[in-house]
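The first residue in the sequence is number 1, and the count goes up from there.
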Amino acid sequence: SIKNFYYKDIDNGLATYASYLTNSRDKDLEGYFANSILSNNLNTTNTITDFLEIFLKKNKFSNIYSFNSRMNLYRPILRICEKYKLKFNNLEASFDDPKLRIQNLGDSIVTDADKMPILIRNYWKKKSKIKREKIINKYYSETRNWRKALENPTSYLAKQKKDLLPDTWDVNKYNMVFFVSSEDEYETIEKRNFKPIFKNQLECVKEICKIIRNKKNFNLWIRMHPNLGKVKWDYSKNFNTHNFFSENVNIIEPDSEVSTYAL
């Protein structure tokens, strides 16, 4: 219900939920104070909306800048600027080792399924063929350099050992790897025509376990994302041996030195 809450035609509920998730990673609102924090944050967002609607209607600006408009304190600025057709500049930071780059997404946010593809296409069209090749080559050469951080100064791979596989890895068996992603990072993306087969990743893995339960020549390796190391909520914590009834299922913990690239 919080994700679908609109105030004066503004998606304040989704913005409030995004702010709560960023600070807590509590995707399913299990936290003791979840409801009260969301309620207070939503009240703040609605109050800001009321103020900005009056303020931006009375005062004229040629350009308005904000940072990361996904959050509850900034979403109303973006939406009201859209409403009054004011030029809005949403700034986002991205790490491009060794530099921190600031991107201007205009009146879009990074999770906008309609506007972001247009921005990307327009950006790509402006590049010459030679420039495009340089961008592509740079990206893949840095990806190949497994210790190179593409987005974050602290690489998730920094604690992993190059080419290291689990001790019980058996090359004579059919090895499958399920890479568990951080589900909370996708919760505030508006999904259009989204009809998932499974409710979540856990349900998906359980189904795979059923399929391979009696297949002794199969091994399933569940690689937990390093970003889930400090997440203690159920959607991460439930990836444990008690929830999987097959002997040929192995869990690789977030802080394991096993190499994701080697897998």
E257: salt bridge (Lys or Arg N to Asp or Glu O under 4.0 Å) partners, not counting sequence neighbours |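 With neighbours one apart ignored, the set is K161.
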Name all residues meeting the salt bridge (Lys or Arg N to Asp or Glu O under 4.0 Å) criterion together with D107; count only those two or more places apart in sequence or in a different chain, and write none if there are none.
->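 By the salt bridge (Lys or Arg N to Asp or Glu O under 4.0 Å) rule, D107 matches K115.
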Can you give each donor-acceptor pair under 3.5 Å made by side-chain atoms of residues 14-24, sequence neighbours left out, with the distance rounded to 0.1 Å?
residue	atom	partner	partner atom	Å
T16	OG1	N12	O	2.8
T16	OG1	T45	OG1	3.4
Y17	OH	K27	O	2.6
Y17	OH	E187	OE1	3.4
S19	OG	A15	O	3.4
S19	OG	N72	N	2.8
S19	OG	N72	OD1	2.8
Y20	OH	D26	OD2	2.6
T22	OG1	A18	O	2.9
N23	ND2	S19	O	2.9
S24	OG	Y20	O	2.7
S24	OG	D26	N	3.1

Which residues pass the side-chain contact (heavy atoms from CB on, under 4.5 Å) test with [X], not counting sequence neighbours?
X	result
I102	L91, A93
S39	none
E253	I251, D255

Write out all pairs satisfying ring-ring contact (aromatic ring centres under 6.0 Å, His included) with one or both partners inside residues 105-132, taking only residues at least two apart or from two chains.
->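 Residue pairs with at least one partner in residues 105-132: there are none.
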Sequence neighbours excluded, every pair satisfying ring-ring contact (aromatic ring centres under 6.0 Å, His included) that has a member inside residues 159-185 |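 Every pair satisfying ring-ring contact (aromatic ring centres under 6.0 Å, His included) with a residue in residues 159-185: W169-W221, Y174-F218.
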For residues 73-81, dump all side-chain donor-acceptor pairs below 3.5 Å to protein atoms at least two apart in sequence or in another chain.
residue	atom	partner	partner atom	Å
R75	NE	S69	O	2.9
R75	NH1	D11	OD2	2.6
R75	NH2	R70	O	2.9
R79	NE	D11	OD1	3.0
R79	NH1	E82	OE1	3.2
R79	NH2	D11	OD2	3.0

Check ring pair (Phe, Tyr, Trp, His ring centres under 6.0 Å) between F51 and all other residues, then give those that pass, not counting sequence neighbours.
->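 Partners of F51 by the ring pair (Phe, Tyr, Trp, His ring centres under 6.0 Å) criterion, ordered by chain and then number, come out as F55.
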Residues in side chain to side chain donor-acceptor pair (under 3.5 Å) contact with E185, at least two apart in sequence or another chain |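 Only S182, N227 meet the side chain to side chain donor-acceptor pair (under 3.5 Å) criterion with E185.
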Which atom names give the shortest non-hydrogen contact between R25 and Y235, and what distance separates them?
->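 R25 and Y235 have their closest heavy atoms at O-OH, 2.8 Å.
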Please collect all side chain to side chain donor-acceptor pair (under 3.5 Å) contacts where either partner lies in residues 210-220, sequence neighbours excluded, each pair once.
->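 The answer is none; no pair qualifies.
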